[in-house]
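Counting begins at 1 with the first residue of the sequence. All ligand and atom numbering here is 1-based and tracks the order in the structure. For clarity, every value in this text was computed on a predicted model and none was experimentally measured.
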Amino acid sequence: MKVTTLHPAFGLKIEDVNVKSLSHAERDEIIKAGNTAGIVHIPGQSLSEQEQLDFTSIFGRIRILRVNRARDSKRPPGIVEISNIDAEGKIVPPSNDMLRFSKGNMMWHSDYSYTADWAAQSILYALEAVRKGGETEWASTEAAYDALPQTEKDRLGMLTATHDRFHSRIKSGFTDFTEEDYKLTPPVPHPLVTTHPVTGRKSLLLGSHVSAIDGMTEAEAEALVAELTEFCEQPQFVYAHSWTPGDIIVWDNRSTLHRGRPANPTERRVMRRTAVFSPGVEGPEVQVAGA
Ligand code: OGA
Ligand code: MN
């Protein structure tokens, strides 16, 4: 197994490994990387849905989407397909529900930040990739936090944000939710500055799901989120990945934001995503995922 740096601020690339037959030492090193590096790129893999679920579960308990109406319900629980291909294998038009829903992925976000239990790692596996565009970008919200002036760190450390999945989906033009959808994922508060349960490092928890900040008007909250997001998306904090089929990227939603970039709609892009539960943003109940 060969481990190299992916980006000066964060991330690792792990090569010469087969995630379907990990030794104990390799498994431990990948779990550690997934909990400390922000993102981990593992190229050259070949995974069935079940094999991806098996690999995902080394990090923790598999997360199952509760509101999954817009996606292909034929997938096994825990598998989210991010693709522009319909059941007959044809490219779907951009007006398709599945694609409209995925448009939300194009705004910076942290997966499941609209839930109290949040996510720890997410794992995206590329089956088919486009030749141009369709990258996924990650921003290190730890590196960005570290670079803030102390006075700003102190001020932001006092703030609590509300995360609401409908806020972000409505912004991306997806409004047809049911009463039941609203009941399943009501808005939740999170501190704006979070502490990583494994490393103890601080980061900014932002993203498109943020709908309000305590003590601020809507306009003030929006302006602050926009300002901080611009700070985080500076090139020194961002890694952009152009996908090759067989790529796996494991990322830590507790220390990164991510977004998808526009892809040529006439080319096939087929990705499969899984995620695990976070054991808790902070506090004594925390277990290291996979341990
Ligand atoms: C995701 C996501 C972006 C992309 O899978 O969680 O945000 O580039 N994907 O597909
Ligand atoms: Mn996502």
Does R61 qualify as a cation-pi partner of F277, given the criterion of NZ or CZ under 6.0 Å from the six-membered ring centre and within 45 degrees of its axis?
yes
Could you check [atom] against the protein and tell me its nearest heavy-atom contact, residue, atom and distance included?
| atom | value |
| --- | --- |
| atom 6 (O) of ligand 1 | R273 NH1, 2.8 Å |
| atom 10 (O) of ligand 1 | R269 NH1, 3.0 Å |
| atom 8 (O) of ligand 1 | T136 OG1, 2.6 Å |

Side chain, backbone, both or neither: the part of [X] lying under 4.0 Å from ligand 1 by heavy atom:
| X | value |
| --- | --- |
| L124 | side chain |
| W251 | side chain |
| M271 | neither |
| H109 | side chain |

Of V210, T141, L206, the one forming a side chain to side chain contact (heavy atoms under 4.5 Å, CB included) with L228 is L206
Tell me, yes or no, whether the heavy-atom count around E222 atom CD, taken from other residues, nucleotides or ligands under 6.0 Å, exceeds 12.
no
Within the supplied structure, the quantity of interest is the number of heavy atoms (other residues, nucleotides, ligands) at a distance under 6.0 Å from M158 CE; does it exceed 12?
no
Is the shortest side-chain N to carboxylate O distance from K32 to E29 below 4.0 Å?
no
Between E142 and K202, is there a side-chain N and carboxylate O pair less than 4.0 Å apart?
no
Show me which atoms of ligand 1 lie under 4.0 Å from any heavy atom of [X].
| X | value |
| --- | --- |
| G260 | 3 (C), 4 (C), 8 (O) |
| I82 | 1 (C), 5 (O), 10 (O) |
| D111 | 6 (O) |
| H258 | 1 (C), 2 (C), 6 (O), 7 (O) |

When you measure from the Mn ion (ligand 2) to each N, O or S atom of D111, which atom gives the shortest distance?
OD1
Start with the C-alpha distance between H167 and H209, add both sets of side-chain angles, then the distance that settles ring-ring contact (aromatic ring centres under 6.0 Å, His included), and finish with yes or no.
CA-CA 6 Å; H167 179 75; H209 304 309; 8.9 Å; no
How are the rings of H190 and H163 set to each other: parallel, tilted or perpendicular (split at 30° and 60°)?
perpendicular
Considering both backbone and side-chain atoms of W243, is one of its nitrogen or oxygen atoms within less than 3.5 Å of a nitrogen or oxygen in ligand 1?
no
List the steps, then state whether side-chain contact (heavy atoms from CB on, under 4.5 Å) holds for L148 with F231.
CA-CA 9 Å; L148 288 171; F231 188 76; 3.6 Å; yes
Metal-centred angle, the Mn ion (ligand 2) as apex - NE2 of H258, NE2 of H109, 10° resolution
80°
How long is the gap from NE2 on H258 to CH2 on W138, to the nearest 0.5 Å?
7.5 Å
Say whether M106 and ligand 1 are in contact under the criterion: heavy-atom distance to a ligand atom below 4.0 Å.
no
